[in-house]
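In what follows, a structure is listed as structure tokens, so that the remarks can point back to it.
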Protein chains: 2
Amino acid sequence: MFQPGRYGRGSGWIEACLLCLLKEEKSYGYSLMEKLNTLGFTAEPFNISVIYRNLRSMEKRRLVASFWTASERGPDKRMYEITQKGEKALKEWIRFLKKRQKLLQAVVDKYESMHLE
Amino acid sequence: MFQPGRYGRGSGWIEACLLCLLKEEKSYGYSLMEKLNTLGFTAEPFNISVIYRNLRSMEKRRLVASFWTASERGPDKRMYEITQKGEKALKEWIRFLKKRQKLLQAVVDKYESMHLE
DNA sequence: TATACTATATACTTTATGCATATAGTATAA
DNA sequence: TTATACTATATGCATAAAGTATATAGTATA
């Protein structure tokens, strides 16, 4: 059934989140998922497959670079770090997110002004 | 080429905008497009086809109801008005948009805190 | 030996939106 | 008269984001 924000949850929203986290420190898919689900970046948990897909897509576009690291416990990890191109893309994303916020505000304001009449 | 917000511009974003405008007063596709493009609800103009498609989809789900009106100048217009079910859906949308706004803020805040260090 | 947790990846599906195009009435300028 | 522009609605095809399901594999523990 249809419900607000169920699909196409915001056009690259995950990409913006991941770049932001990777700017702070290099990390890998599984850990990034846990960060996303605890840092107040998401309303509902992201599906892990979406994160892996986004990371690979960003690597193709040279926004991030990856290398494998051995792990004493559990399977190997593919570590990602943000590139210069990625930093530039993140800057664009932040500009976009701020603009988006203003649009959201415009609609919410309109709605609430109608309820005061 | 990929760019922030180019596709899937926000998962039903238009639906929320249209319901909000129709709550204010009944209207029709072409006029709603002009409103959207001037009221600060959108960063870039929406394609008109998206509006017509959304209106028909909402009518299927009984969020709006339509009737044809003759026009002295130009072709007939399909007028839409919001239903009770639509008002309820709009309320949900507003709740969702507010939550979304907080998420956007969380990412922007994180980004800006990194630039102060 | 079975189960849970960590870790990565891909195939298939659903939804939103963009772009192109079709139809048609009215108004106006060449 | 014809062409162009504007108003108005609608549909087909393409593209992209995200959801769901499933597969693989190492480690830890009961």
Side-chain angles (χ1 to χ4, degrees), chain A residues 1-18 27-37 41-61 64 66-80 93 96 100 103, chain B residues 1-18 27-37 41-61 64 66-80 93 96 100 103:
Chain A
M1 229 326 253
F2 182 88
Q3 45 178 297
R6 195 160 183 315
Y7 283 93
R9 216 200 287 233
S11 175
W13 170 242
I14 300 175
E15 177 165 313
C17 294
L18 291 175
S27 187
Y28 59 98
Y30 199 85
S31 167
L32 287 162
M33 172 197 65
E34 291 179 321
K35 287 179 186 178
L36 283 170
N37 292 339
F41 278 24
T42 59
E44 283 153 61
F46 272 115
N47 191 295
I48 184 69
S49 72
V50 181
I51 283 130
Y52 286 118
R53 230 185 299 145
N54 267 269
L55 288 167
R56 310 295 272 129
S57 153
M58 287 197 286
E59 184 162 37
K60 260 189 207 156
R61 287 175 285 127
V64 297
S66 77
F67 54 95
W68 286 93
T69 50
S71 176
E72 287 103 47
R73 308 198 165 187
D76 293 353
K77 296 161 184 177
R78 191 198 279 273
M79 297 291 291
Y80 286 91
W93 269 114
F96 171 75
R100 169 68 66 90
L103 302 181
Chain B
M1 228 328 254
F2 181 90
Q3 44 179 299
R6 194 160 183 317
Y7 283 93
R9 218 200 286 231
S11 174
W13 169 242
I14 299 173
E15 177 165 313
C17 294
L18 292 174
S27 186
Y28 57 99
Y30 200 85
S31 166
L32 287 163
M33 173 197 64
E34 290 178 324
K35 288 179 186 179
L36 283 171
N37 293 339
F41 279 22
T42 58
E44 284 153 61
F46 271 114
N47 191 291
I48 183 69
S49 72
V50 181
I51 284 130
Y52 287 119
R53 234 181 300 148
N54 266 269
L55 288 168
R56 303 316 303 285
S57 153
M58 286 197 289
E59 184 162 37
K60 259 188 209 158
R61 287 175 287 129
V64 298
S66 78
F67 54 95
W68 286 94
T69 50
S71 175
E72 287 103 47
R73 309 202 162 182
D76 293 353
K77 295 162 188 180
R78 190 199 280 273
M79 296 290 290
Y80 286 92
W93 269 115
F96 171 75
R100 169 67 66 89
L103 302 182

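Just so we're on the same page: letters track the sequence lines, and every chain starts at 1. Heavy atoms only: backbone and side chains are in, while hydrogens, waters and symmetry mates are out.
- Between atom OH of residue A/Tyr28 and atom CH2 of residue A/Trp68 there is a gap of 12.5 Å, rounded to the nearest 0.5 Å.
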### Message
Under the criterion side-chain contact (heavy atoms from CB on, under 4.5 Å), I'd like the reasoning laid out for B/Tyr80 against B/Arg56: C-alpha separation, chi angles, the key distance, then a yes or no.
### Response
CA-CA 10 Å; B/Tyr80 286 92; B/Arg56 303 316 303 285; 3.0 Å; yes
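- Both A/Pro75 and B/Pro75 lie near DNA chain D, and the one whose nearest nucleotide falls closer to the 5' end is B/Pro75.
- Between B/Leu32 atom CG and B/Ile51 atom CD1 the span is 7.5 Å, to the nearest 0.5 Å.
- Of all non-hydrogen atoms in A/Tyr52 and A/Tyr30, the two that sit nearest each other are OH-N, 3.6 Å.
- Between A/Trp13 atom CH2 and D/dA18 atom P there is a gap of 10 Å when expressed in whole angstrom units.
- In this structure, B/Arg73 reaches the C/dA27 phosphate: one of its side-chain N or O atoms is under 4.0 Å from OP1 or OP2.
- Shortest non-hydrogen contact noted between A/Leu55 and A/Val64 is O-CG2, 3.8 Å.
- Atom CE in B/Met58 sits roughly 16 Å away from atom C1' in C/dT15 (whole-Å rounding).
- Pairing each heavy atom of B/Phe46 with each of B/Trp13, the nearest pair is CZ-CD1, 3.5 Å.
- If you take NZ on A/Lys35 and CG on A/Leu18, they are separated by 10.5 Å, rounding to the nearest 0.5 Å.
- Among all heavy-atom pairs drawn from A/Leu36 and A/Cys17, the shortest one is CD2-CB, 3.4 Å.
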Is there any protein nitrogen or oxygen under 3.5 Å from a nitrogen or oxygen in nucleotides 9-12 of chain D, and what are the pairs?
residue : atom : partner : partner atom : Å
D/dT9   : OP1  : B/Arg78 : N            : 2.7
D/dT9   : OP2  : B/Gly29 : N            : 3.4
D/dT9   : OP2  : B/Tyr30 : N            : 2.9
D/dT9   : OP2  : B/Tyr52 : OH           : 2.9
D/dA10  : OP1  : B/Arg56 : NH1          : 3.3
D/dA10  : OP1  : B/Arg78 : NE           : 3.0
D/dA10  : OP1  : B/Arg78 : NH2          : 2.6
D/dG12  : O6   : B/Arg53 : NH2          : 3.4

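- For B/Asn37 and D/dA8, the CG to P distance is 14 Å, given to the nearest whole Å.
- Both A/Gly74 and B/Ser57 sit near DNA chain C, but only A/Gly74 has its closest nucleotide nearer the 5' end.
- Taking atom CG of residue B/Leu55 and atom C1' of nucleotide C/dT17, one finds them 15 Å apart after rounding to whole Å.
- Stems are defined here as 3 or more consecutive Watson-Crick or G-U wobble pairs with pairing distances under 3.5 Å; those involving DNA chain D are C:1-30 with D:1-30.
- The separation between A/Leu18 atom CG and D/dA18 atom P is 10 Å, rounded to whole Å.
- To the nearest angstrom, C1' of C/dT10 lies 12 Å from NZ of A/Lys60.
- The CD1-P distance, from A/Ile51 to C/dA9, rounds to 13 Å in whole Å.
- Every residue two or more places apart in sequence or in another chain that forms a side-chain hydrogen bond (donor to acceptor under 3.5 Å, both in side chains) with B/Ser57 is listed here: B/Arg61.
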